[in-house]
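A, B, ... follow the sequence lines: proteins, then strands. Residue 1 opens every chain. As a basis for the values below, the full set of heavy atoms in this structure was taken, side chains included, without hydrogen atoms, waters or symmetry mates.
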Amino acid sequence: MKMVLAIIRPEKLEDVKKALESKGFVAMTVNEVKGRGEQKGITLQFRGRTMEVDLLPKVEIFMVVKDEDVDTVVDTIIKSARTGRYGDGKIFIIPVEKSIRIRTGEFET
Amino acid sequence: MKMVLAIIRPEKLEDVKKALESKGFVAMTVNEVKGRGEQKGITLQFRGRTMEVDLLPKVEIFMVVKDEDVDTVVDTIIKSARTGRYGDGKIFIIPVEKSIRIRTGEFET
Amino acid sequence: MKMVLAIIRPEKLEDVKKALESKGFVAMTVNEVKGRGEQKGITLQFRGRTMEVDLLPKVEIFMVVKDEDVDTVVDTIIKSARTGRYGDGKIFIIPVEKSIRIRTGEFET
Amino acid sequence: MNSGDTAWILVATALVMLMTPGVGLFYAGMVRRKNAIAMITLSIICLIVVGIQWVVYAYSLAFGNDVAGFIGDLSYFMLNNVGLEPAKGMTIPHILFMIYQMMFAVITLAIITSAVAERVKVSAFVVFGILWITFVYAPFVHWLWGNGWLAKLGALDFAGGMVVHVSSGFGALALALVIGKRMGFGEYSMEPHNIPMTLLGGALLWFGWFGFNGGSALAANGLAANAIVVTFVASCVAGAVWMIVSWIKGKPGSLSIISGVIAGLAAITPAAGFVDVKGAIAIGLVAGILCYIALDFRVRKGIDESLDAWAIHGIGGTWGSLAVGLFATKAVNDYAGLLYGNVALLKAQIIAVVATVIYAFVVTFILAKIVDVVMGLRVSHEEEYVGLDISQHGEVAYS
Amino acid sequence: MNSGDTAWILVATALVMLMTPGVGLFYAGMVRRKNAIAMITLSIICLIVVGIQWVVYAYSLAFGNDVAGFIGDLSYFMLNNVGLEPAKGMTIPHILFMIYQMMFAVITLAIITSAVAERVKVSAFVVFGILWITFVYAPFVHWLWGNGWLAKLGALDFAGGMVVHVSSGFGALALALVIGKRMGFGEYSMEPHNIPMTLLGGALLWFGWFGFNGGSALAANGLAANAIVVTFVASCVAGAVWMIVSWIKGKPGSLSIISGVIAGLAAITPAAGFVDVKGAIAIGLVAGILCYIALDFRVRKGIDESLDAWAIHGIGGTWGSLAVGLFATKAVNDYAGLLYGNVALLKAQIIAVVATVIYAFVVTFILAKIVDVVMGLRVSHEEEYVGLDISQHGEVAYS
Amino acid sequence: MNSGDTAWILVATALVMLMTPGVGLFYAGMVRRKNAIAMITLSIICLIVVGIQWVVYAYSLAFGNDVAGFIGDLSYFMLNNVGLEPAKGMTIPHILFMIYQMMFAVITLAIITSAVAERVKVSAFVVFGILWITFVYAPFVHWLWGNGWLAKLGALDFAGGMVVHVSSGFGALALALVIGKRMGFGEYSMEPHNIPMTLLGGALLWFGWFGFNGGSALAANGLAANAIVVTFVASCVAGAVWMIVSWIKGKPGSLSIISGVIAGLAAITPAAGFVDVKGAIAIGLVAGILCYIALDFRVRKGIDESLDAWAIHGIGGTWGSLAVGLFATKAVNDYAGLLYGNVALLKAQIIAVVATVIYAFVVTFILAKIVDVVMGLRVSHEEEYVGLDISQHGEVAYS
Ligand SMILES: Nc1ncnc2c1ncn2[C@@H]1O[C@H](COP(=O)(O)OP(=O)(O)O)[C@@H](O)[C@H]1O
Ligand SMILES: Nc1ncnc2c1ncn2[C@@H]1O[C@H](COP(=O)(O)OP(=O)(O)O)[C@@H](O)[C@H]1O
Ligand SMILES: Nc1ncnc2c1ncn2[C@@H]1O[C@H](COP(=O)(O)OP(=O)(O)O)[C@@H](O)[C@H]1O
């Protein structure tokens, strides 16, 4: 199995979810994160002092799927998350050795 | 080493922590996430407009442990996190190549 | 490619970011988490009742980098995140099979 | 008509109005994140529903011509005969007295929402609320302030020790027993999701209480001034007691401190127009201790009266109402208590407290049961699990 | 001078002042997290900028000696001739009337920020605000309260149905059209980031409205009391309407309920000194329905008047101003409406409403265009993307 | 007794009371998340502790019969002789004057908590607070308002420029030097955890200040009206100055704007009953600039007076107290300043300012040292690291 870990724009979450759902991929875990790619930083200020802020809000989705589904999932995410502008995000594929359902104890590898 | 990554019910966190502790597994990283398994969505509404909300709060725990400890950890989590109802969550086992302690620089593989 | 996943002190984030930047590693994803290493718990209280709280705020950074860059990144993080006291955190190296840029669809392995 | 008195009651009305969202915030901070909106919204619904109900008929039930010492008639239905001129014996417009009283009805119902936190069906609460104001609150007002049987008996309740706090406190206890515990109560801890919100709500309550107790003098005079002084002092003392006790038992939690403050405020409410500062200190001291014990008892018994309206308002109001019979002094008003050699007042207070405690508990229990049987007080397990914000209101508090 | 009246207006001034940060919080809870500070800060900037502008010359434009029925002269420039003694025909210090009026100007501008939420350049807003107060708000005050042409015509506006709500509501609509939609509007949902904050803001508005409408009696008397009663009742009724309608269409969202309350408050504002409780119920009922429809219409048309100042204040104020002509009753004040057999008042109200709606929309549109052309009303795409908190204020709301 | 005056001071008391949790929220938003509860709770503890202390003996120290021009005697111990009737020369109940003054004592101590943010031991703060009110605050009140030596000298302090702001500001500076910097101060940035909370707190302060300065007229009259006008104008001007300066240096941060507003409020406080609007503009302008420079200086010197009570209240209050001697005008009250040809007042103000600045700094330093030596002012490193919410109160702000 593989974990498909995608970092996307927060405003694209709904689209991505729907697109994946329509392909039958429902189960997922979602997390709000911050990230930067190659963008420049932004200068912040607090009562006269200045500081750099360069991390922008992103959404991290991960789905653990069968090896043969990886390509479909990746394709679906790319299509639904893309705007063509900087900041669209990245997808990483990570090997998963085992997946266990807590409710039943059953597992897949 | 392996990373045991578990998605559990938030209200089970205390139980899981205690169960792991009693088996000697203390170190862990915890994160609030949202997720869905196979549950149906719920319809939301904002001043007349409606929207689907289907991600429920979950807690993600990960522990990086020695290969031989994986089964104990997984078993302990299953026992302490299970309610038997939908939404109990999942555990994923991910290979870890190396673990480094920042304070000392020492590492394990 | 590898994912370098580091759990550090929140107050060290700026230093770590700057150190990595100066070595040319800009892209990263950051997340607020809670964690514990081997510290003892702390007793909390709510209107007379008591409870254990033992998870302290940490920051999780991950960077997906080329295999040959792993050591530099790890070294840089260790140097910039270390205080020498308990709680400095850990770094984990996880294999990544593929990395895809959503904007362009291009990928690296 | 006196413009100074009118100015003060105009403001006092606004202050008491603000207390209801104050209760909403106070409670909302203590529930889980998934029920934050629902908790505040219940307080807003109290404003809306009781606001309408009061002008239509409930004011009349409370203050209409006495029927058998028990209830008012419908002479003020739709505010008929409630004019812009002062009512007999008053120095403020009759209609101002009416709306000032309305705000008391509103907040009393809001206090009760403690009992149903995180599990009530909104529709059922609306129905329950209308019934409760009709059959518990309006009669209590009539008994004590509308020249009903307790007033005739000589019982005193300056700003609502029985009318507001006993009624809502013991009502909450009954309601909690009918609706049952929250899923998971006692199994895992349900931590307050936003303590600063609770402290803000508590601060607004404290602020509004100046209008609540001070306004009950219905004039801007020495009595009003005395009321705000004893009110504030009692709250400080009870807050200090909770701080010290929770310190002894562990750490001085902010929720303990602010709960102690509210306990002191509830306890001084019936007495604010009758006691002096020494009385206030005594009332605050005992209120602090009693309410702390009550809360502890409630928790140990495993009763899920979730946000402690009973322990704080119910027990605080009970103690304060009895304390009127002890500490009332002619230095402040026309009445003397036991400490000043008069036993009759204490007797009247005991009768009034016993009557209101029993009536509030029993009638609330019956009303809650009826609503539960007819339409179900409680949401489904699934709705409770996802939280009332989503299931009842279709909203998410923070995003 | 009357000390009771003065006490009341001192307090009413403070209450209305608090409404402006109240608007800030109300709005801020509904925007995305990245614009939370910016939304509150706009309201604070309204206080600061209009506060200064008002004492320098805008008060004079509004209440100075009449020039052609359209505007006041500069006789009160820098508060010359605005003393500590009562002005003619008043029982409160002239300077107190001045600051009470100032708070109305401030909040009116704050309401308009709805239209530019999450995309306005702060500098441009400051310039727009100064112009708008000068060319729209001050004239409206003069027309209706400064003995201008509408006042002479016999049009009534008790506490600002046209002066405040029509002007800001239709102004917001024009401004929204000029500045354009938010990036992504209509493409993805923009969820409110903190609903409890909106409910808190709403509660502060509700609270402050006691001073807004009650204070407009400029005395602590029966009229003030009537004003707060009808104000509160109308808000409850309109809140109940929104609750019911949103229940029918889905779930009773808290944002619907509180929006309904605000709609009721806006609608009763022009009428609060002229109608009785029955009139208030009618006004609240219709306001609830009309504003709900307006909001729905706005959404369906894809107009990004982001936080619905138009639908709620604009339409609410319009309806309420007309309703004065229907429900005004001599039981409350010296004026009678259509229901009481007088058609003249309704005619005056219609003329006034039409004039103010058109003027507010057109002149605001022109002012916004000028500012847009000269300096740009809107931030860059990139700044909008990272949010105004960072790009305009260099701050992050929560960390 | 005058009912209008009484109504106003009843309300003003409530308004000033609300300022203390306002300070708590204002400060809490600027600290890190792990200390949010602790910061608010300190303000609540000020209410509780000083509330009790004041009625027991501190009011008497402040306003009892003069002893050597320095302090009052114990004639008002336990509020003996503080009745429901007006005190000599007043139109409001004596007991009302007492509680109004109490709220000033409370908030002054709350302002000082700036200096110990995120590192103070609660127990030590309670002890320090009791000492500080006894040995710094009560004497200051006596000197200026209790017919003490500065009053006899002719020094004026309308609403607490020296009594409240100089004392707390310079006290905070001394306290900060004794307790030392926060762990990590200067090494990494400590970002405010919740700026909307700070803005809300600031709004409540602004609101409450109407009661603070307006109420100090002790009557609902032209003087009170003038006080709220100049107060508001000065705050707007100083807020505008900070906005502009921070704009020039980067971006107009909301924290800058609201800090400027508070600086203006602190500066106008001593002058609110003596100057007119032109004076207010001048005071606000200079206050904005001076306090900004002071804050900058404090940061550059690496002094961890964490939330800038010194820069804002201390410097603002100092400037405002001197400004009384410049801008006081007989158009407002019985006193004339330098600009109106009277040099005596300025002399008295200079003496008073110098005396209070030195006394506040030195005595606070000594008291803080004593507490530090006896019981330790500061938590352990470990407790500071996990945060005061957990270590002092056993609570977590948000979950
Ligand atoms: N190498 C990386 N390691 C970890 N996270 C990354 C990496 N590259 C990108 N990200 C994450 O993806 C997000 C979007 O990346 P970005 O470079 O902005 O996309 P694009 O290449 O389309 O501009 C970043 O904000 C960051 O969270
Ligand atoms: N394939 C998956 N990939 C990623 N996360 C998953 C996956 N399956 C489940 N999860 C996570 O686990 C949580 C619980 O899963 P769920 O399916 O509800 O458990 P159950 O199978 O007991 O009903 C989900 O909310 C989601 O966060
Ligand atoms: N085995 C582990 N698995 C998962 N997370 C870990 C593990 N060990 C440490 N961590 C994370 O790293 C953080 C810091 O670890 P800690 O043991 O406190 O560092 P140190 O060894 O320097 O004291 C913890 O709070 C936790 O989040």
Side chain from CB out, backbone as N, CA, C, O: work out which of these in E/A397 comes under 4.5 Å of a heavy atom of chain F, or both, or neither.
-> both
Reported CD1-to-CG distance for the pair E/I40 and F/L199, which is rounded to 0.5 angstrom = 5.0 Å
Working for side chain to side chain contact (heavy atoms under 4.5 Å, CB included), residues E/V11 and F/F210 = CA-CA 8 Å; E/V11 180; F/F210 283 77; over 6 Å; no
Considering all heavy atoms of both residues, which atom of F/W8 and which atom of E/A7 are nearest to each other, and what is their separation?
-> CB-CB, 3.8 Å
OG (E/S399) and CG (F/N194) are apart, to the nearest 0.5 Å, by 8.5 Å
Is it the backbone or the side chain of E/M19 that comes under 4.5 Å from a heavy atom of chain F, or both, or neither?
-> neither
Distance (rounded to the nearest 0.5 Å) between E/L96 CG and F/N226 CG | 11.0 Å
Per-residue contact mode, E/L25 against chain F (heavy atom under 4.5 angstrom) = side chain
Close approach to chain E in residues 215-225 of chain F, criterion heavy atom under 4.5 Å = F/A220, F/N221, F/G222, F/L223, F/A224, F/A225
Hey, which residues of residues 227-234 of chain F are touching chain E, say heavy atoms under 4.5 Å apart?
-> F/I228, F/V229, F/F232, F/V233
Using non-hydrogen atoms only, which part of E/L47 is less than 4.5 Å away from chain F: side chain, backbone, both, or neither?
-> both
Would you mind reporting whether E/S123 and F/W247 have side-chain heavy atoms less than 4.5 Å apart?
-> yes
Contact class of E/I92 relative to chain F, heavy atoms under 4.5 angstrom | neither
Give a yes or no on whether the backbone of F/P252 and the side-chain of E/H393 come within a donor-acceptor separation of less than 3.5 Å.
-> yes
Once you round to the nearest 0.5 Å, how far does CD1 of F/I257 lie from OG1 of E/T41?
-> 5.5 Å
Minimum heavy-atom separation for F/P196 to E/M197, with atom names?
-> CB-CE, 3.5 Å
Might you work through the side chain to side chain contact (heavy atoms under 4.5 Å, CB included) test for F/L200 and E/L200, ending with a clear yes or no?
-> CA-CA 10 Å; F/L200 169 61; E/L200 169 62; 3.8 Å; yes
Given the rule in the side chain to side chain contact (heavy atoms under 4.5 Å, CB included) test, do F/S254 and E/E395 qualify, once you have shown the distances and angles that lead to the verdict?
-> CA-CA 8 Å; F/S254 69; E/E395 294 173 327; 2.6 Å; yes
Below 4.5 Å from any heavy atom of chain F, which atoms of E/S43 appear? Answer side chain, backbone, both or neither.
-> neither
Honestly, the part of E/E85 sitting under 4.5 Å from a heavy atom of chain F is neither
Contact leader toward chain F among E/M1, E/M39, E/M103, where contacts are heavy-atom pairs under 4.5 Å = E/M103
Does the side chain of F/H193 come within less than 4.5 Å of E/Y398's, by heavy atoms?
-> no
Counting only heavy atoms closer than 4.5 Å, note whether F/N2 contacts chain E via side chain, backbone, both or neither.
-> side chain
Would you mind checking which part of E/M78 comes under 4.5 Å of any heavy atom in chain F, side chain (CB onward), backbone (N, CA, C, O), both or neither?
-> both
Identify every side-chain donor-acceptor pair in residues 271-284 of chain F under 3.5 Å, counting partners at least two apart or on other chains, and give the distances.
{"unit_1": "F/D276", "atom_1": "OD1", "unit_2": "F/K278", "atom_2": "N", "d": "3.2"}
{"unit_1": "F/D276", "atom_1": "OD1", "unit_2": "F/G279", "atom_2": "N", "d": "3.0"}

Chain F heavy atoms under 4.5 Å from E/L15: which part of the residue, side chain, backbone, both or neither?
-> both
Any idea which heavy atoms bring F/D5 and E/S3 closest together, and the distance?
-> OD1-CB, 3.7 Å
In terms of heavy-atom pairs under 4.5 Å with chain F, the winner among E/T6, E/L10, E/I9 is E/L10
For residues 48-63 of chain E, run the donor-acceptor check on the side chains, cut-off 3.5 Å, and write out each pair with its distance to 0.1 Å, sequence neighbours left out.
{"unit_1": "E/Q53", "atom_1": "NE2", "unit_2": "E/Y57", "atom_2": "OH", "d": "2.9"}
{"unit_1": "E/Q53", "atom_1": "NE2", "unit_2": "E/I130", "atom_2": "O", "d": "2.9"}
{"unit_1": "E/Q53", "atom_1": "NE2", "unit_2": "E/T134", "atom_2": "OG1", "d": "3.2"}
{"unit_1": "E/W54", "atom_1": "NE1", "unit_2": "E/M98", "atom_2": "O", "d": "3.1"}
{"unit_1": "E/Y57", "atom_1": "OH", "unit_2": "E/T134", "atom_2": "OG1", "d": "2.7"}
{"unit_1": "E/Y59", "atom_1": "OH", "unit_2": "E/H94", "atom_2": "NE2", "d": "2.8"}
{"unit_1": "E/S60", "atom_1": "OG", "unit_2": "E/D73", "atom_2": "O", "d": "2.6"}
{"unit_1": "E/S60", "atom_1": "OG", "unit_2": "E/S75", "atom_2": "N", "d": "3.2"}
{"unit_1": "E/S60", "atom_1": "OG", "unit_2": "E/Y76", "atom_2": "N", "d": "2.8"}

